[in-house]
Amino acid sequence: MTDRVYIFDTTLRDGEQSPGATMNFQEKLRLAKQLEVLGVDIIEAGFPASSDGDFESVSQIAQRASGDVQICGLARCVIRDIDRCWEAVKNAKNPRIHTFIATSPLHMAHKLRKTPEEVLRTAEECVKRCAGYTKNVEFSCEDFSRSEPDFVCKIVELAINAGATTINLPDTVGYAQPEEFASMVKYVMDHVSNSSKAIFSVHCHDDLGLGVANTLAALRVGARQAEVALNGIGERAGNASLEEVAMALEVRKDYYGLKTGIKTEQIYPACRLLSIIIGQPIPNNKAITRANAFSHESGIHHDGMLKHRETYEIMTPQSVGRKETTLVIGKHSGRNAVRSKFEALGYSLDDEQLNQVFDAVKQLADRKKQIHDEDLMALVQQEIYRIPDSLRLRHVSVSSSDAGGVPPTAAVLMDVDGIEKSGAGFGVGPIDALFNVISQIVGREPELEQYAINAVTGGMDALGEVTVRLRENGSSAVGRGNHPDIFVASARAFVDALNNLAKREKEGKRVHSTDQ
């Protein structure tokens, strides 16, 4: 048995099903490129049959990917899904079709409304359909952890005979316990006569906080593919997080004796990029990637760290890409310096994009004493990788007071479909006033479901990052904005969400896949 573990990243598919984590086309392309840089083996780029937008993004990712990474599309065990999936991934240098069907008595009876015999026939037919397109076929037993082991053995043996080369055994609802899950995985591998012809994979959800533990337990008993997501995002409580699985295997090589192809110094840049794209800050106590993972407050810890770092640190910040931030970009920096800096951060900008972001850097430098890498990453996301705007904010002015009888006021100047419009009004607070005025200008009345502020970096002049979620007429959308002035950042986020709402209404309702 090989000691190589294949990392299957599902951030762009299962991760995007996380509430508020929807990404636009450019953002998906950018994140896919970073996943390649990170060194993942397989990118599950989406569920092509779910929508035209998902089909197009999977297709473009497939066409642009190098031959070093496999591009995978998800398909139910439905012939039309499989055909659509192949159309999306077929131009990849290394394509994969991932098809799945439920195998637990609960799912078969109440969701599929099929007998076990019907499920067996459907699985065989659909795996054969996949194998007619490519030799790289993955088959998943949805809700494996609540399935009957002998039935799983039967369907897995059938799937391998039909052409599956990877078998995925998911803990779909995060129900299993580590020893129990490892035992189930080993049972299937030991009792399937042709198991040596396939790589066994696990996909663990985190409903009980055991996604990573279950994944690692399964790898110890012979699974050799881990299905994970950056920052652990995904349906409900999320998936096993890529960074935690990868660093557990790296730091504890002595225990697991396993290795991956992950370039660990790219972990933080990848997780930070996702955080910026979806507007969800990495929690301060998040393992591996957040600053507190390498912060020490206790005097006992200080004493140990000063004497020898390894007394309280089992890995260095540098090993996951958290390096000391240095001031290399400012108001006096030239275009070449800005281009070089962004290239070092993993962004390849054409001349038009460089000019756009260069002006934004100069404006930011006039407001901030220090510009950090995180500021620049947030800036390029705001200025370059976004949906083309029908609404564009130009200027805002806000006034507030604690004096009784003087309500907060806001004035806004913006473009609506290329036409300059302005307005002013009141609110119970300055943010409320801003949002009221913008709503009046565009003629919409969305409900504000979420408003969150995050400081991108430390310091009194930190770049503020605001996320809002709006709902109107049954649709919801997330907007993001950043600026040293939190009122401007809030207005940008609100306008961004309105643009995303409009785009979603044009596309129609998106059909999400069942998480597997």
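Residue numbers start at 1 and run along the sequence shown. Because the structure is a prediction, the values reported are computed rather than measured.
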For K263, I'd like to know if atom NZ has over 12 heavy atoms of other residues, nucleotides or ligands within 6.0 Å.
yes

Can a salt bridge be assigned to the pair E243 and R272 using a cut-off of 4.0 Å between side-chain N and carboxylate O?
no

Pairs of donor and acceptor atoms involving the side chains of residues 415-422, under 3.5 Å and at least two apart or interchain, shall be tabulated with distances.
{"unit_1": "D415", "atom_1": "OD2", "unit_2": "R392", "atom_2": "NH2", "d": "2.9"}
{"unit_1": "E420", "atom_1": "OE1", "unit_2": "R394", "atom_2": "NH1", "d": "2.5"}

N436 side, atom CG; T409 side, atom OG1 - distance, nearest 0.5 Å:
12.0 Å

For residues E449 and S476, is any side-chain donor paired with an opposing acceptor at under 3.5 Å?
no

Flag yes if more than 12 heavy atoms outside N91 fall under 6.0 Å of its CG atom; otherwise flag no.
yes

Can you say whether the rings of F435 and F494 are parallel (under 30°), tilted (30 to 60°) or perpendicular (over 60°)?
parallel

Worked check of side chain to side chain contact (heavy atoms under 4.5 Å, CB included) between F342 and V361:
CA-CA 11 Å; F342 278 110; V361 168; 4.3 Å; yes

Check D496, V495, L448 against V468 for a side chain to side chain contact (heavy atoms under 4.5 Å, CB included) and give me the one that passes.
L448

Determine whether more than 12 heavy atoms belonging to other residues, nucleotides or ligands lie under 6.0 Å from atom OH of Y175.
no

Does either side chain, that of N231 or that of S241, offer a donor lying less than 3.5 Å from an acceptor on the other one?
no

Regarding Q356 and E352, is there a side-chain donor-to-acceptor distance under 3.5 Å anywhere?
no

Taking atom CG as the centre, does N336 end up with more than 12 heavy-atom neighbours from other residues, nucleotides or ligands that are less than 6.0 angstrom away?
no

Go through the side-chain N and O atoms of S201 and E227 and say whether any donor and acceptor fall under 3.5 Å apart.
yes

Salt bridge flag under 4.0 Å for residues R492 and D485:
no

Salt bridge K253-E250, side-chain N to carboxylate O under 4.0 Å
yes

